[in-house]
Amino acid sequence: MTTTRSIAKIEKVEESFSVIAEEQSRLNSRIESLDANLNSRMNMLETSMVAILLAIQALKTSRVVPTTAVASKASTSAAANGEPESGTLVKDCTRMSRFWKPGTEKPRLVEDEEGGVLFYTAAASSGYGLASIEKQRQRLPVYKYRTAILYLVETHATTIIVGETGSGKTTQIPQYLKESGWAEGGRMIACTQPRRLAVQTVASRVAEEMGVKLGEEVGYTIRFEDITNNELTRIKFLTDGVLLREMMDDPLLGKYSVIMVDEAHERSLSTDILLGLLKKIQRRRPDLRLVISSATIEARSMASFFNTSRKRQGRDDGEHVPRKEPAILSVEGRGFNVQICYVEEPVPDYIRAAVSTVCSIHDEESMGDILVFLTGQDDIDAAIQLLTEDSHSRKQGLIVLPLYSGLPRADQDIIFSPTPRGKRKVIISTNIAETSLTLEGVVYVVDCGFSKQRFYNPMIDIENLVVTPISKASARQRAGRAGRIRPGKCYRLYTEEYFINEMSADGIPEMQRSNLVSCVIQLKALGIDNILGFDWPASPSPEALIRALEVLYSLGVLDDDAKLTSPAGFQVAEIPLDPMVSKMILASNDYGCSEEVITIAAVLSIQSIWFSGRGAQKELDEARLRFAAAEGDHVTFLNVYKGFIGSGKSSNWCHKNHVNYHAMKKVDEIRQQLRRIAQRLGIALKSCEGDMKAVRKAVTAGFFANACRLEAFSHNGLYKTVRSSQEVYIHPSSVLFRVNPKWVVFHSIVSTDRQYMRNVITIDPSWLTEAAPQFYQQQQLKPRPH
DNA sequence: GAGCACTGC
């Protein structure tokens, strides 16, 4: 028993290794292609710089003296793998003095680790007391580049802004564009963000700076919240996902004059899709300008992606045609220096190493909070255990706090409360603190060098979470978290040699690590027929694309020519959910149970409706049993939702039943949105009034590909998937755990030492052939002779 | 009888 488990474990590790090796070789070929294009991009950079110079000269002669200081030529020596936070190479640029305005701080040229992108640094202007908003705006580093940015946007189809945190680019650039007329004539300036919270905070900040009411001249749109006004809004902040949805109604995004894609270096799935589509739109809309904001490392690959000029520069000199080669401009940030410390020898156990590093910081360094990056909840719990044991026997003064997304809201709030005098907070966090949350007061960062990443294996159609070494870009981002309030220190639990020689420059884009069904259907809905030939910022593997096409074909969403079917294909594309869930909703119309199925879809699209708390496992199990349905988890969700509604959506009721109140509110919101969409699609909102067979049939219509059969004579609950005979088990959190019905379909798989099915429902095998006759041959379903 | 990096429509 233990042996088979160990073997399974070894096999899983081996599989992870092969996935990583595969990604490594993909990365290598990418580096090669980067090298191959280096020269042409250096030329491009130079021409961009010359363009700025010309602009400034022109402005000088027209007696408008810009405050910008500009260098004339990029240094080409690639100080490969240098570390900008610590060992930055600072030198004066001799040719710069010509443009250095006397009486101001002399600008310095800082060479970037890639050698290709310039930073201009100048001391932040000093000033005390309350400044007007306008003064504050002028004090942001980006202000010095206002003229240059406007010139570049005017003359280039695409401008890439390399900006460190705190440069002010996100709040200022849209305002500069508006001030110079890009929002006139009824046009709008769009600025996308990867996260909802960022959209909201940036939009309200900009509205405040402009002295307008949020939702009028400045507005924002995120899912469930559209704070814009059709007549008035000129600057609109939105998530990249929302902009993708907008493209379904307006494929050329005609109402926007400039689209700024912020945080593009994060390379999220929707950012990458958006970038690919924007490049396509540019060809049809020469008037459209793109501003891509990106971190250093990604800037040049972005530039080569958007470079559509075909070496016929002579034809670009038309008056109104912008240059096709992107311009790159770097803006320094406002973070403080962070000193980087490496370990001398590789550490055998990063949790112990992290704990002892925290202790020595506490003993030896001045006050300031500590942020520790580990990979997941298990690591965090283990570290906290070690640390609290340790600090009991030592002096007091450490407040140890965990941070991860699954943490209950109240526990997260403690982290943001100010550190009491004489105390030091130690926040032990997952990647959530790398980009999604900002913690003030952190002066020391401890970086274990790993994070959990999703990897998708198209062969067995399973996504896996794997502890993976982070990239240099991530390491820099983590270190930067120490320099927000004053100069800080970052302790890397790996050697400098490893950082320089072995750590990859940037991570693998999500596009190359994910299941692509949602992505493919979105592109199909936008009329992109040749998915395999689409010009992606990072091409996904053909296997993953083919698998996605197969799944969509089996769902009846794509036809034999891989075109969207009508109406089913277009309807599924319209619903903002995983296509299998969307298909389930469409099918619910036929079975007269759309109200129930929409509730199920809403629950499936959030993480968990249960209140997580490690100590209270028994209580949670008992609570779950109160709602348990023999049919399975989906029906159990219906029972919980019914109870929640019956209680008048009471938080008290949730608390008593170990249900997560915030999750249920979200379920309710998603449910309302899905009902509106369903009505638009002509799906009758109808309840089956307790006929759970109808609900199960609808679930089967979407998830037939996830059908599993209990192995004959299996005493330990072993199932095999009908499609590929994968060995799977029902997850212990399922209400069908140990019940082991003969036939089930599952919503998703989590793979740990076994493959576990999460959210399972019983079915009748005859429904499979009914739902997908082309997918299941009748004979496959017959019991095996024994 | 066990475990959930992080987003988003």
Side-chain angles (χ1 to χ4, degrees), chain A residues 5 192-199 221-226 238-248 263 266-274 373-381 403-407 429-437 448 450-455 463-468 470 474 477 507 510 513-514 518-519 521-522 525 572-579 581-582 601-602 605-608 610 612-614 617-618 620-621 660 666 669-670 673-674 676-677 716-717 729-734 737-740 748-759:
Chain A
R5 284 191 118 185
T192 74
Q193 296 289 322
R195 282 169 290 276
R196 295 160 52 91
L197 187 66
V199 169
T221 309
I222 54 181
R223 189 183 189 183
F224 309 129
E225 265 185 82
D226 182 10
L238 66 177
T239 50
D240 34 27
V242 169
L243 190 60
L244 277 177
R245 285 280 153 192
E246 283 192 4
M247 289 180 83
M248 294 208 177
E263 315 286 359
E266 287 186 22
R267 307 304 300 271
S268 75
L269 210 50
S270 43
T271 312
D272 268 15
I273 302 172
L274 187 62
F373 284 103
L374 296 179
T375 63
Q377 200 178 335
D378 281 343
D379 281 5
I380 292 170
D381 288 348
L403 177 60
Y404 45 87
S405 80
L407 204 65
S429 172
T430 61
N431 251 7
I432 193 170
E434 194 178 303
T435 48
S436 306
L437 290 179
C448 76
F450 290 91
S451 71
K452 279 193 186 171
Q453 285 202 18
R454 182 170 52 205
F455 283 94
E463 285 182 324
N464 242 333
L465 274 180
V466 184
V467 174
T468 315
I470 61 168
S474 262
Q477 177 74 21
E510 206 181 354
R513 305 184 271 114
S514 306
S518 298
C519 166
I521 197 170
Q522 267 184 315
V572 166
E574 186 99 349
I575 302 173
L577 295 171
D578 180 285
V581 182
S582 306
S605 67
I606 63 158
Q607 292 227 334
S608 170
W610 303 105
S612 61
R614 283 213 161 172
Q617 196 51 55
K618 203 168 147 241
L620 173 56
D621 281 350
N660 183 335
K666 197 150 189 196
E669 253 182 341
I670 295 172
Q673 186 196 25
L674 293 178
R676 283 194 300 273
I677 293 171
N716 61 345
Y729 296 83
I730 293 179
H731 195 278
S733 67
S734 167
F737 178 67
R738 279 199 290 230
V739 176
N740 295 335
S748 61
I749 291 267
V750 285
S751 48
T752 52
D753 54 343
R754 288 175 172 183
Q755 316 270 29
Y756 285 105
M757 302 181 266
R758 286 185 71 200
N759 300 331

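Reminder, nothing fancy here: chain letters follow the sequence lines and each chain counts from 1. Every heavy atom of this structure was used, including side-chain atoms; hydrogens, water molecules and symmetry mates were not. This is a predicted model, so every value here is computed, not measured.
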Interatomic distance, [X] [atom1] vs [N] [atom2] [rounded to whole Å]:
| X | N | atom1 | atom2 | result |
| --- | --- | --- | --- | --- |
| A:Asn431 | B:dT7 | CG | C1' | 12 Å |
| A:Ile470 | B:dC6 | CD1 | P | 16 Å |
| A:Ile273 | B:dT7 | CD1 | P | 19 Å |
| A:Leu374 | B:dC6 | CG | P | 13 Å |
| A:Asp226 | B:dC9 | CG | P | 12 Å |

Do the side-chain N and O atoms of A:Glu434 and A:Ser474 include a donor-acceptor pair separated by under 3.5 angstrom?
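Per modelled atom types, A:Glu434 and A:Ser474 side chains form a pair under 3.5 Å.
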With respect to the phosphate group of [N], does any side-chain polar atom (N or O) of [X] fall under 4.0 Å of OP1 or OP2?
| X | N | value |
| --- | --- | --- |
| A:Thr375 | B:dA5 | no |
| A:Arg245 | B:dG8 | no |
| A:Ser405 | B:dA5 | no |

Nearest of [options] to any side-chain atom of [X]?
| X | options | answer |
| --- | --- | --- |
| A:Arg196 | B:dC4, B:dG3, B:dC9 | B:dC9 |
| A:Lys452 | B:dC9, B:dT7, B:dA5 | B:dA5 |
| A:Tyr756 | B:dC9, B:dC6, B:dA2 | B:dA2 |

Answer with base, sugar-phosphate or nothing: what part of the nucleic acid does [X] contact at a heavy-atom distance below 4.0 Å?
| X | result |
| --- | --- |
| A:Ile575 | nothing |
| A:Ser270 | nothing |
| A:Asp379 | nothing |
| A:Arg195 | sugar-phosphate |
| A:Ser268 | nothing |
| A:Thr430 | sugar-phosphate |

List for me each residue that meets side chain to side chain contact (heavy atoms under 4.5 Å, CB included) alongside A:Pro579, sequence neighbours excluded, and say none if there are none.
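Here the qualifying residues are A:Val517, A:Ser518, A:Ile521, A:Leu552, A:Leu555, A:Val572.
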Non-neighbouring partners of A:Ser429 that pass side chain to side chain contact (heavy atoms under 4.5 Å, CB included), sequence neighbours left out
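Once residues adjacent in sequence are excluded, the partners of A:Ser429 under the side chain to side chain contact (heavy atoms under 4.5 Å, CB included) criterion are A:Leu371, A:Leu403, A:Ile427, A:Ile432, A:Ala433.
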Whether A:Glu510 side chain and A:Leu269 backbone form a donor-acceptor pair below 3.5 Å
yes
Would you find more than 12 non-hydrogen atoms of other residues, nucleotides or ligands less than 6.0 Å from A:Glu225 atom CD?
yes
Presence of donor-acceptor pair under 3.5 Å, side chain of A:Asn716 and base of B:dG1:
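A donor-acceptor contact between them is absent.
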